[in-house]
Structures are given as C-alpha cells and as structure tokens.
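For reference, the structure is listed below as structure tokens.
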Amino acid sequence: MTDLLEGEYQPSPADWVRNQVELYESTAGKEGWYLQDRKDWPIVVITSQGAKSGKLRKNPVMRVEHDGAYLAVASKGGAPEHPVWYHNFLANPVVQLQDGPEPALYRARVIEDQTEYDEWWQRATEVYEPYVEYKPRAEATGRTIPLFLLERI
Ligand code: F42
C-alpha cells in the first residue's frame with residue numbers, strides 16, 4: 001500500500017496496534033477490520049504526521065461513519081491524557097483514512113459545538129458501547145474526550 005502522506009512510517013510501539021495495522025493494510029482491509037474477535041466492532045486505520053517528528057503514525061480507531069464523514073474518538077480507554085495522535089491531528093489536520101481497500105485524505109477538526117458533539121457521541125456509542133464507560137473515567141481525571149470530525153478533501 002502506498003501512503004498518500006509524505007514521511008517515513010514509524011510503527012506504533014504497542015504490539016496490538018502495530019499488528020492490527022499491518023494485517024489491515026497487507027490484506028487491503030479484508031482482515032483486521034474489527035477489534036478483538038468482535039465483528040460488530042469495525043475499525044478504520046488513520047495515518048497522521050507526527051507533530052514533532054513529521055513521521056507517519058498509524059492508529060486504528062473505531063469506524064464511526066455518517067454521510068461519508070468519519071469520527072475519530074480520542075478516548076484512549078478513558079485514560080487521564082489524550083492519545084499522542086490527538087496532538088498530531090491538531091498540528092497536521094490533513095490525515096489519511098483507510099476504510100476498505102484504498103486510503104483517502106481527510107481534513108480533521110475538533111468538534112467544539114455541543115449539539116454536534118452530542119450527535120456524534122451518540123453515533124459513536126452505537127458502534128462501540130464501551131465508550132459509555134470511558135467517558136466518566138476520563139472526566140473523573142478532568143479530561144473531556146475529544147472528538148475529531150474527518151471530512152474528505
Ligand atoms: N484508541 C482510541 O483512542 N480510540 C479508539 O476508538 C480506538 C480504537 C482502536 C481499535 C483497534 C485498535 O487496535 C486500537 C484502537 N485504539 C483506539 C488505540 C489507538 O490506535 C491508539 O493506540 C491509542 O489511542 C493510543 O494512541 P497514542 O498515540 O497515545 O499511542 C502511543 C502509545 C504511541 O503510539 N505513541 C507513539 C510513540 O512512539 O510513543 C507515537 C508518538 C507520536 O505520534 N509522536 C509524535 C511525533 O511527532 O511523531 C509527537 C506528538 C507530540 O506532539 O507529542
């Protein structure tokens with residue numbers, strides 16, 4: 001697979017993330033398209049450019065799609081801090097998203113409007129119910145889970 005963004009690919013230090021990306025990309029999305037053994041939990045692979053290094057970072061996130069737009073939920077399991085890719089998306093909002101055989105470029109923006117946030121949060125929890133538990137876990141540490149809307153360029 002050829003990346004649409006320029007830069008050297010730096011695989012994730014997390015085995016499960018790196019392996020899922022490899023399986024997904026090497027099979028053009030025919031394998032590795034869901035989380036764990038749950039075919040009702042589909043994923044997409046997003047490639048961003050490192051905010052500091054400029055290297056390409058690849059992260060699967062849950063597939064939350066509506067009218068051709070995608071949501072990236074920066075949940076990190078409800079951890080106290082944002083995932084590192086959150087900073088990459090802010091610094092370099094043009095990201096690559098693969099949902100199926102071919103990647104495409106999207107522009108990412110943080111959803112600020114509360115109504116829009118609530119609408120997309122609802123869609124996210126319909127795809128992946130564990131987000132419901134991540135939200136209070138993050139909020140207990142003073143963090144609101146950021147939502148990025150990705151629109152095709
Ligand atoms: N994570 C989510 O947050 N939401 C999801 O919906 C989600 C779904 C999902 C499905 C399948 C799967 O396999 C993983 C899934 N994950 C999901 C996990 C997700 O892919 C990420 O692993 C997770 O969000 C943590 O992201 P992270 O970026 O914090 O990961 C760390 C461990 C990491 O990989 N760090 C790298 C490193 O080398 O330490 C990247 C570092 C990086 O990008 N550096 C930047 C650079 O310039 O290169 C610097 C950025 C800066 O300015 O600090």
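Just so you know, ligand 1 is whichever comes first in the structure, and atom 1 is the first atom listed for that ligand. In what follows, every heavy atom counts, from backbone to side chain, and hydrogens, waters and symmetry copies are set aside.
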(request) Give a yes or no on whether atom 38 (O) of ligand 1 lies under 4.0 Å from any heavy atom of the protein. (result)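 Answer yes: something from the protein, a heavy atom, is under 4.0 Å.
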
For ligand 1, which part of [X] has a heavy atom less than 4.0 Å away: the side chain, the backbone, both, or neither?
X: Arg57; result: side chain
X: Tyr131; result: side chain
X: Asn59; result: both
X: Lys52; result: both

Could you check [atom] against the protein and tell me its nearest heavy-atom contact, residue, atom and distance included?
atom: atom 3 (O) of ligand 1; result: Lys76 N, 2.8 Å
atom: atom 25 (C) of ligand 1; result: Pro83 CB, 4.0 Å
atom: atom 17 (C) of ligand 1; result: Pro60 O, 3.6 Å

[X] versus ligand 1: do any nitrogen or oxygen atoms come within less than 3.5 Å of each other?
X: Gly77; answer: no
X: Val84; answer: yes
X: Val17; answer: no
X: Ser75; answer: yes

Numbering the atoms of ligand 1 from 1, which are under 4.0 Å from a heavy atom of [X]?
X: Ser53; answer: 46 (C), 47 (O), 48 (O)
X: Asn88; answer: 43 (O), 45 (C), 49 (C), 50 (C)
X: Ile43; answer: 10 (C), 11 (C)
X: Ser12; answer: 34 (O)
X: Leu35; answer: 10 (C), 11 (C)

For [X] and [Y], test the side chains for any donor-to-acceptor distance below 3.5 angstrom and give the result as yes or no.
X: Asp118; Y: Gln114; result: yes
X: Asp3; Y: Tyr9; result: no
X: Gln122; Y: Glu126; result: yes

(message) If we only consider heavy atoms of Gln20, is any one of them less than 4.0 Å away from an atom in ligand 1?
(response) yes

(request) Would you check whether Pro13 reaches within less than 4.0 Å of ligand 1, judged by its heavy atoms? (result)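 The answer is yes: ligand 1 sits under 4.0 Å from a heavy atom of Pro13.
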
Could you label the plane-to-plane angle of the [X] and [Y] rings as parallel, tilted or perpendicular, counting under 30° as parallel and over 60° as perpendicular?
X: His66; Y: Trp120; answer: perpendicular
X: His82; Y: Tyr86; answer: tilted
X: Tyr134; Y: Tyr131; answer: perpendicular

(request) Examine distances only and state if a side-chain atom of Asp113 and a backbone atom of Thr115 form a donor-acceptor pair shorter than 3.5 Å. (result) yes

Closest to [atom] among [options] (heavy-atom distance):
atom: atom 52 (O) of ligand 1; options: Gly32, Gly54, Ala51; value: Ala51
atom: atom 4 (N) of ligand 1; options: Val73, Leu90, Val61; value: Val73
atom: atom 24 (O) of ligand 1; options: Tyr24, Trp16, Tyr134, Trp85; value: Trp85

(request) Please examine the side chains of Gln49 and Leu56, heavy atoms only from C-beta on, and report whether any two atoms are closer than 4.5 Å. (result) yes

(request) State, yes or no, whether a side-chain contact exists between Phe148 and Arg109 at a heavy-atom distance under 4.5 Å. (result)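 Heavy-atom side-chain distance check fails, nothing below 4.5 Å.
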
(request) Go through the steps for Val127 and Arg63 under the test side-chain contact (heavy atoms from CB on, under 4.5 Å), then give the verdict. (result) CA-CA 7 Å; Val127 170; Arg63 182 186 184 280; 5.6 Å; no

(message) Assess whether a salt bridge exists between Glu25 and Lys58, defined as any Lys/Arg side-chain N lying under 4.0 Å from an Asp/Glu carboxylate O.
(response) yes

(message) For Lys76, is there an ion pair with Glu81 - N to carboxylate O distance below 4.0 angstrom?
(response)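 Between Lys76 and Glu81 there is a salt bridge, with a charged N closer than 4.0 Å to a carboxylate O.
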
(message) Please report whether the ring centroid of Tyr128 lies less than 6.0 Å from that of Trp41.
(response) yes

